[in-house]
Amino acid sequence: MTAGAANVKRRGLMFVVSSPSGAGKTTLADRLLKSDPNLTLSISATTRSQRAGETDGVHYHFVDRARFAAMRDAGEFLEHAEVFGNLYGTPRAPVEEALAAGRDVLFDIDWQGARQIEAAAEKDLVRVFILPPSRAALEDRLRRRAQDPEDVVAKRMAKADDEMSHWAEYDYVIVNEDLDRADAELKAILAAERLKRRRRVGLTDFVNAIVSRS
């Protein structure tokens with residue numbers, strides 16, 4: 001039996017999803033991962049302490065600062081940053097192996113990480129930014145989720161303002177007013193990006209096999 005178009009060899013892609021805290025990014029990313037067996041979550045390396053219930057290599061790759069610095073200096077990270085005194089970075093090798101095998105990798109990172117990955121591998125990158133339906137809705141979500149005092153909510157909103165100011169750096173923007181609709185839109189973006197000609201590296205051989213040479 002001849003292989004069909006569904007079996008055309010494809011290079012994987014890096015699927016970056018960013019949003020301010022409270023906009024629904026984590027929920028949407030979890031839905032996408034559970035529904036798509038060809039999508040895997042990028043596992044970051046970090047110097048922060050391992051918490052109860054966390055597994056090394058599943059939630060994070062836990063390393064000390066010396067090891068992290070050595071990996072960084074050797075160019076082993078696609079992106080890295082310091083957050084609240086802890087170092088975080090995306091190991092390059094497992095991502096490149098996945099892309100070469102035609103598997104896609106999901107990244108839950110902010111605009112700064114997306115910028116670094118763009119500089120390292122722009123052609124493999126797809127960026128999606130998730131926005132809340134309104135400022136009031138975002139503030140309400142933050143209040144209900146954490147039940148933080150007013151000063152903490154104010155700080156979170158200020159950080160959200162900074163994050164949302166970078167929306168125009170992304171390829172796609174989804175307004176998460178209805179979770180099911182946002183979920184469908186995110187899946188549609190991934191499906192369309194997988195069909196881009198430049199990623200379907202086996203198309204030349206596939207077309208040559210079906211075009212008559214007589």
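Sequential numbering from 1 along the given sequence is applied to the chain's residues.
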Legend entry - Nearest-0.5 Å distance, CD of residue Glu54 to CG of residue Asp56: 10.0 Å
Inset, instruction - Please examine the side chains of His80 and Phe68, heavy atoms only from C-beta on, and report whether any two atoms are closer than 4.5 Å. - result: yes
Inset, instruction - Kindly indicate whether the side chain of Val152, heavy atoms from C-beta on, has any atom under 4.5 Å from the side chain of Leu142. - result: no
Inset, instruction - Please answer: with hydrophobic residues joined when any side-chain heavy atoms are less than 4.5 Å apart, are Val201 and Val105 in the same cluster? - result: no
Legend entry - Distance, nearest 0.5 Å, that separates CG of Asn86 from OG of Ser49: 7.5 Å
Inset, instruction - Would you name the heavy atoms of Ala114 and Ile109 that are closest together and state the gap between them? - result: N-CD1, 3.6 Å
Legend entry - Spacing of Arg115 atom CZ and Glu79 atom CD [to the nearest 0.5 Å]: 13.5 Å
Legend entry - Check: Asn176 side chain, Ala23 main-chain N or O, donor-acceptor pair, under 3.5 Å: yes
Legend entry - Listed partners of His59 passing side-chain hydrogen bond (donor to acceptor under 3.5 Å, both in side chains), at least two apart: none
Legend entry - Salt-bridge contact Asp36-Arg194 (side-chain N to carboxylate O under 4.0 Å): yes
Inset, instruction - Would you please name every residue forming a side-chain hydrogen bond (donor to acceptor under 3.5 Å, both in side chains) with Ser18, sequence neighbours left out? - result: Tyr170
Legend entry - CA sep, side-chain torsions, deciding dist, call: Arg200, Phe206, side chain to side chain contact (heavy atoms under 4.5 Å, CB included): CA-CA 10 Å; Arg200 305 180 80 191; Phe206 177 77; over 6 Å; no
Inset, instruction - With rounding to the nearest 0.5 Å, note down the distance linking CG in Leu203 to CG in Asn208. - result: 10.5 Å
Inset, instruction - With the side chain counted from C-beta on, respond yes when Leu32 and Lys187 share a heavy-atom pair under 4.5 Å apart, and no when they do not. - result: yes
Legend entry - Joint cluster assignment, Ile189 & Phe129, ILVMFWY side-chain distance < 4.5 Å: no
Legend entry - Side-chain donor or acceptor of Gln116 paired with backbone N/O of Ala120 under 3.5 Å: no
Legend entry - Joint cluster assignment, Val17 & Ile174, ILVMFWY side-chain distance < 4.5 Å: yes
Legend entry - Side chain proximity check, Asp178 to Asp183, heavy atoms < 4.5 angstrom: no
Inset, instruction - Indicate if Leu13 and Val16 have the same hydrophobic cluster label, given that clusters are the connected sets of ILVMFWY residues with side-chain heavy-atom separations under 4.5 angstrom. - result: no
Inset, instruction - Indicate yes or no for a side-chain donor-acceptor contact from Thr46 to the backbone of Leu87 under 3.5 Å, with no hydrogens or angles considered. - result: yes
Inset, instruction - Would you mind listing every side-chain hydrogen bond (donor to acceptor under 3.5 Å, both in side chains) that reaches into residues 120-133, with sequence neighbours excluded? - result: Arg11-Asp124, Glu118-Arg127, Arg127-Asp171
Inset, instruction - Using a cut-off of 6.0 Å, state whether more than 12 heavy atoms not belonging to Glu169 lie near its atom CD. - result: yes
Legend entry - Val128, Asp104, Val126, Leu125 screened by side chain to side chain contact (heavy atoms under 4.5 Å, CB included) with Glu193, the one that passes: Val126
Inset, instruction - Would you indicate whether Lys9, at its atom NZ, is surrounded by more than 12 heavy atoms from other residues, nucleotides or ligands within a distance under 6.0 Å? - result: no
Legend entry - Worked check of side chain to side chain contact (heavy atoms under 4.5 Å, CB included) between Asn38 and Arg10: CA-CA 12 Å; Asn38 198 49; Arg10 178 178 69 84; 3.0 Å; yes
Inset, instruction - Please report the closest heavy-atom contact between Leu41 and Leu33, naming both atoms and the distance. - result: N-CD2, 3.8 Å
Inset, instruction - Would you mind reporting whether Ser21 and Lys159 have side-chain heavy atoms less than 4.5 Å apart? - result: no
Legend entry - Closest approach of Tyr60 to Arg48 (non-hydrogen atoms, all atoms of both residues): CE1-NH2, 3.3 Å
Inset, instruction - Quick one: pull up CH2 in Trp167 and CG in Leu131 and give me the separation to the nearest 0.5 Å. - result: 8.5 Å
Inset, instruction - Please report the C-alpha distance between Leu186 and Arg31 in whole Å, then the side-chain angles of each, then the deciding distance to 0.1 Å, and finally whether the side chain to side chain contact (heavy atoms under 4.5 Å, CB included) criterion is met. - result: CA-CA 10 Å; Leu186 192 61; Arg31 280 191 172 200; over 6 Å; no
Inset, instruction - Looking only at non-hydrogen atoms, find the nearest pair between Pro132 and Met164 and report the distance. - result: CD-SD, 3.8 Å
Inset, instruction - Could you check Lys155, Arg156, Arg143 and say which one makes a salt bridge (charged side-chain N to carboxylate O under 4.0 Å, His left out) with Glu150? - result: Arg143
Inset, instruction - Please round to the nearest 0.5 Å and tell me the distance separating atom CG of Asp180 and atom CG of Leu28. - result: 10.0 Å
Inset, instruction - Look at the side-chain heavy atoms of Ile, Leu, Val, Met, Phe, Trp and Tyr, link any pair under 4.5 Å apart, and say whether Tyr172 and Leu39 land in one connected group. - result: yes
Legend entry - Validation row: Val83, Gln112 side chains within 4.5 angstrom (heavy atoms): no
Inset, instruction - Kindly say whether Trp111 contributes a backbone atom to a donor-acceptor pair with the side chain of Glu163 at under 3.5 angstrom? - result: no
Inset, instruction - Work out which heavy atom in Ser42 is nearest to a heavy atom in Val95; give both atom names and the distance. - result: OG-CG2, 4.4 Å
Inset, instruction - Might you confirm whether atom CZ of Arg198 has over 12 heavy atoms from other residues, nucleotides or ligands at distances under 6.0 Å? - result: yes
Legend entry - Heavy-atom pair with the smallest gap, counting every atom of Phe77 and Pro91: CD2-N, 3.8 Å
